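In what follows, a structure is listed as structure tokens, so that the remarks can point back to it.
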Amino acid sequence: MQAFVRPSRARAPVAVSFEFFPPKSPDMEDQLWQSVARLAPLGPEFVSVTYGAGGSTRERTHATVARIARETDLKPAAHLTCVGATKDEVDEVVRRYGEAGVRHVVALRGDPPGGLDEPYRAHPQGYQRTEDLVAAIKRAGDFEVSVSAYPEGHPQSENLLKDVEALKRKVDAGADRAITQFFFDNDVYFRFLDMARAAGIAIPIVPGVVPVQNFRQTANFARKTGAGVPAWLARRFEGLDDDVATRRLVAAAVCAEQVIDLVDRGVGHIHFYTMNKADLVFAICHLIGLRAQAPGTAEAAA
Ligand code: FAD
């Protein structure tokens with residue numbers, strides 16, 4: 001019988017990156033910095049901080065990213081959307097990141113203000129397409145630019161081919177790396193990867209993995225983002241809504257299974273949507289061979 005969670009066969013060290021969101025309250029602020037402190041010794045490639053819908057967290061995202069740059073050895077990446085903003089406003093945000101020593105931006109279009117059921121309309125004085133934003137950031141200075149990718153298709157996309165074409169335009173504008181929307185069926189990631197490579201996209205396409213801290217919340221979020229929630233996943237969390245302890249164990253097993261499979265199939269970098277919670281992510285990183293390093297040690301051991 002095959003073991004449920006088998007040891008990874010991967011030999012090479014796996015790179016990881018962690019995504020956080022800017023905190024809204026002092027309690028959430030504590031939770032964020034505790035999570036950053038717990039995960040930092042694993043030596044992530046970078047840590048990224050999201051930008052609230054419509055730029056609603058502009059100042060909080062900036063403050064969080066700037067503090068990471070100032071107070072830690074981590075390489076921060078700032079998410080930035082162009083929805084609802086003029087080019088001048090967006091350029092100003094990028095300029096301030098440059099001044100704060102931030103050298104990596106995750107460049108996005110953003111959702112329409114009324115949500116994804118509404119067609120997207122660019123600001124008349126704004127960047128019209130995501131690739132225009134990518135090109136502008138590249139022109140603004142020595143920035144690394146990451147962009148999104150949708151292995152199951154963006155909810156506003158006609159078909160998966162359109163998603164590949166959208167990614168290709170962003171790559172042609174200078175994107176250095178794509179980070180995928182989360183998914184639970186690894187085959188959809190590898191299918192998208194094949195399509196992207198066939199379209200001549202050569203940049204790394206880093207799988208985004210979300211540990212299911214709360215199944216109901218994750219399933220709701222997945223519905224909005226176009227990520228499929230397989231029946232087997234729902235079945236694993238069935239009946240556990242009020243059983244936090246078992247849910248956590250199941251979440252760890254499910255995420256471990258997914259990540260180990262990705263690593264065994266050759267993935268060399270995994271991006272974790274941490275939801276500002278470190279424990280589960282730390283455990284999964286441990287499983288794939290990462291070990292906390294003493295301060296000043298550059299590389300995490302395999
Ligand atoms: P794009 O990649 O430009 O386009 C999305 C899809 O729309 C394309 O894949 C394509 O299928 C379709 N499309 C676009 N243009 C065309 C066209 N001309 N013809 C046909 N189809 C087209 N949102 C936030 O508000 N803040 C964040 O911090 C944030 N971080 C994110 C991080 C990651 C890794 C991901 C995957 C998403 C993130 N988002 C964030 C969500 C994102 O802003 C939304 O999904 C938004 O609706 C699309 O932005 P995008 O840059 O992904 O769009």
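Every number for a ligand or one of its atoms is a count from 1 in the order of the listing. As the structure is a prediction and not an experimental result, all values here were calculated from the model.
- For E165, no heavy-atom contact with ligand 1 is shorter than 4.0 Å.
- Residue H79 places at least one N or O, backbone or side chain, under 3.5 Å from an N or O of ligand 1.
- Checked by atom type and distance alone, the side chain of N276 never pairs as donor or acceptor with a backbone atom of F20 at under 3.5 Å.
- Distances between N or O atoms of G110 and those of ligand 1 include at least one value under 3.5 Å.
- Between Y189 and F183, the angle of the ring planes stays under 30°, which puts this pair in the parallel group of the 30/60° scheme.
- Within ligand 1, the atoms closer than 4.0 Å to a non-hydrogen atom of T50 are 28 (O), numbered from 1 in the order shown.
- There is no protein heavy atom closer than 4.0 angstrom to atom 13 (N) of ligand 1.
- Among protein heavy atoms, the minimum distance from atom 51 (O) of ligand 1 is reached at R109 N, 2.7 Å.
- For the pair R109 and Y120, the cation sits on the ring face: its NZ or CZ lies under 6.0 Å from the ring centre, inside 45° of the axis.
- Ranked by closest heavy atom to atom 5 (C) of ligand 1, the top entry among E19, Q156, H154 is H154.
- Between the side chain of Q156 and the backbone N or O of E118 there is at least one donor-acceptor pair closer than 3.5 Å.
- Under a 4.0 Å heavy-atom criterion, E131 is not in contact with ligand 1.
- Residue, atom and distance of the protein heavy atom nearest to atom 46 (C) of ligand 1 are D111 OD1, 3.2 Å.
- For ligand 1 and Y273, the ligand atoms under 4.0 Å from any heavy atom of the residue are 33 (C), 34 (C).
- Among all protein heavy atoms, the one lying closest to atom 26 (N) of ligand 1 is Y51 O, 2.6 Å.
- Contact annotation: L116 has at least one heavy atom less than 4.0 Å from an atom of ligand 1.
- In terms of modelled atom types and a separation under 3.5 Å, the side chain of S17 and the main chain of P44 share no donor-acceptor contact.
- Checking each of R95, R96, R103 against E99 for a salt bridge (charged side-chain N to carboxylate O under 4.0 Å, His left out) leaves exactly one that passes, namely R95.
- No continuous path of hydrophobic side-chain contacts links V281 to V206 [ILVMFWY only; heavy atoms under 4.5 Å].
- Geometrically, ligand 1 and Q181 share no nitrogen or oxygen pair separated by less than 3.5 Å.
- In terms of N/O distances under 3.5 Å, ligand 1 is approached by Y150.
- The protein heavy-atom contact nearest to atom 40 (C) of ligand 1 is L108 CD1, 3.9 Å.
- In terms of modelled atom types and a separation under 3.5 Å, the side chain of K138 and the main chain of F143 share a donor-acceptor contact.
- Panel note: side chain R291, backbone H286; a donor-acceptor pair is recorded below 3.5 Å.
- Residue S148 has at least one heavy-atom neighbour below 4.0 Å for each of these atoms of ligand 1: 2 (O), 35 (C), 36 (C), 50 (P), 51 (O), 52 (O).
- Note on ring orientation: taking the six-membered ring where Trp is involved, the planes of F46 and H104 are perpendicular (angle over 60°, cut-offs 30° and 60°).
- In this structure, of G208, A166, A178, the residue bringing a heavy atom nearest to atom 10 (C) of ligand 1 is A166.
- Contact analysis puts T81 in contact with ligand 1, with a non-hydrogen atom separation below 4.0 angstrom.
- When non-hydrogen atoms are compared, ligand 1 lies under 4.0 Å from neither the backbone nor the side chain of V147.
- Residue-to-ligand polar distances place T130 within reach of ligand 1: an N/O pair is separated by less than 3.5 Å.
- Taking the six-membered ring for Trp and the full ring otherwise, Y97 and H62 have centroids separated by under 6.0 Å.
- In this structure, R169 has a heavy atom closer than 4.0 Å to ligand 1.
- No donor-acceptor pair under 3.5 Å is formed between the side chain of E71 and the backbone N or O of R67.
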Q: For salt bridge (charged side-chain N to carboxylate O under 4.0 Å, His left out), just list the numbers for R191 and D187, CA-CA rounded to whole Å, side-chain angles, deciding distance to a tenth of an Å, and then say yes or no.
A: CA-CA 6 Å; R191 193 171 58 228; D187 287 346; over 6 Å; no

